[in-house]
Amino acid sequence: QVKLVESGGGLVQAGGSLRLSCVASGRTFSNYAMGWFRQAPGKEREFVLGISRSGGSTSYADSVKGRFTISRDSAKNTVYLQMNSLKPEDTAVYYCAATFGAATVVPRQYNYWGQGTQVTVSS
């Protein structure tokens, strides 16, 4: 089993920045590719960013390209989501997820999920 705990969410004004962290425990972190998803009220959970086991490749949703960055630190068992130039439409609960496969855009292909952290962007 893998336990994932997100942190770093909060309230920020449009144009501001936040850095989310996801700390993994319980199994070997480097065995998993990681993804960030978000879910706004009344909407489906959507893929935001993904990163490979080694950190050598990443993928981005078009809506966050040029604004968000994903990274991982194996020594700290942590994956990060740096969010810049935030917009009100970025408001959602953000989840990190781990998969023994590839970091795809499909939620059901992930094996473990964190509890989520709220990000609210005001205009």
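Positions are given from 1 along the sequence. Predicted, not measured: the structure shown is a model, and the values here were computed from it.
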Cluster check [X], [Y]: I/L/V/M/F/W/Y, side chain < 4.5 angstrom:
| X | Y | value |
| --- | --- | --- |
| Val93 | Leu81 | no |
| Trp36 | Phe47 | no |
| Val5 | Leu18 | no |

Anything under 30° is parallel, anything over 60° is perpendicular, the rest tilted; go ahead and classify Tyr110 against Phe37.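 Answer is perpendicular, since the angle exceeds 60°.
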Please evaluate residues Met83 and Leu20 with respect to the criterion side-chain contact (heavy atoms from CB on, under 4.5 Å), reporting the C-alpha separation (whole Å), side-chain torsions for both, the decisive distance (0.1 Å), and the verdict. CA-CA 8 Å; Met83 305 185 293; Leu20 306 185; 3.8 Å; yes
Side chain to side chain, [X] and [Y], heavy atoms closer than 4.5 Å:
| X | Y | value |
| --- | --- | --- |
| Tyr60 | Thr69 | yes |
| Tyr95 | Pro107 | no |
| Val64 | Arg38 | yes |
| Tyr32 | Tyr112 | yes |

Taking CD in Glu89 as the centre, count heavy atoms belonging to other residues, nucleotides or ligands within less than 6.0 Å. Is the count above 12?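 More than 12 heavy atoms, drawn from other residues, nucleotides or ligands, come within 6.0 Å of this atom.
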Which heavy atom in [X] sits nearest to a heavy atom in [Y], and how many Å separate them?
| X | Y | value |
| --- | --- | --- |
| Ala103 | Gly50 | CB-CA, 4.1 Å |
| Pro88 | Ala14 | CD-CB, 4.1 Å |
| Val48 | Tyr94 | CG2-CE2, 4.4 Å |

Verify side-chain contact (heavy atoms from CB on, under 4.5 Å) between Ile70 and Val79, making sure each step is shown before the conclusion. CA-CA 7 Å; Ile70 189 171; Val79 63; 3.9 Å; yes
Any side-chain to backbone donor/acceptor pair from Ser74 onto Ser30? Under 3.5 Å, distance only.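 Not at all, since once roles are kept as given, no pair shorter than 3.5 Å links the two residues.
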Indicate every side-chain donor-acceptor pair of residues 114-122 with a distance under 3.5 Å to a residue at least two apart or in another chain.
residue : atom : partner : partner atom : Å
Thr117  : OG1  : Gly9    : N            : 3.2
Gln118  : NE2  : Ala92   : O            : 3.4
Gln118  : NE2  : Thr120  : OG1          : 3.4

Going from [atom1] on [X] to [atom2] on [Y], what distance comes out if it is rounded to the nearest 0.5 angstrom?
| X | Y | atom1 | atom2 | value |
| --- | --- | --- | --- | --- |
| Ser123 | Lys87 | OG | NZ | 14.0 Å |
| Cys96 | Arg72 | SG | CZ | 11.0 Å |
| Ser7 | Arg19 | OG | CZ | 10.0 Å |

Arg67: which residues meet the salt bridge (Lys or Arg N to Asp or Glu O under 4.0 Å) condition with it, sequence neighbours left out?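 With neighbours one apart ignored, the set is Asp90.
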Would you check, one step at a time, whether the test side-chain contact (heavy atoms from CB on, under 4.5 Å) holds for Met34 with Leu4? CA-CA 11 Å; Met34 302 292 295; Leu4 305 174; 4.0 Å; yes
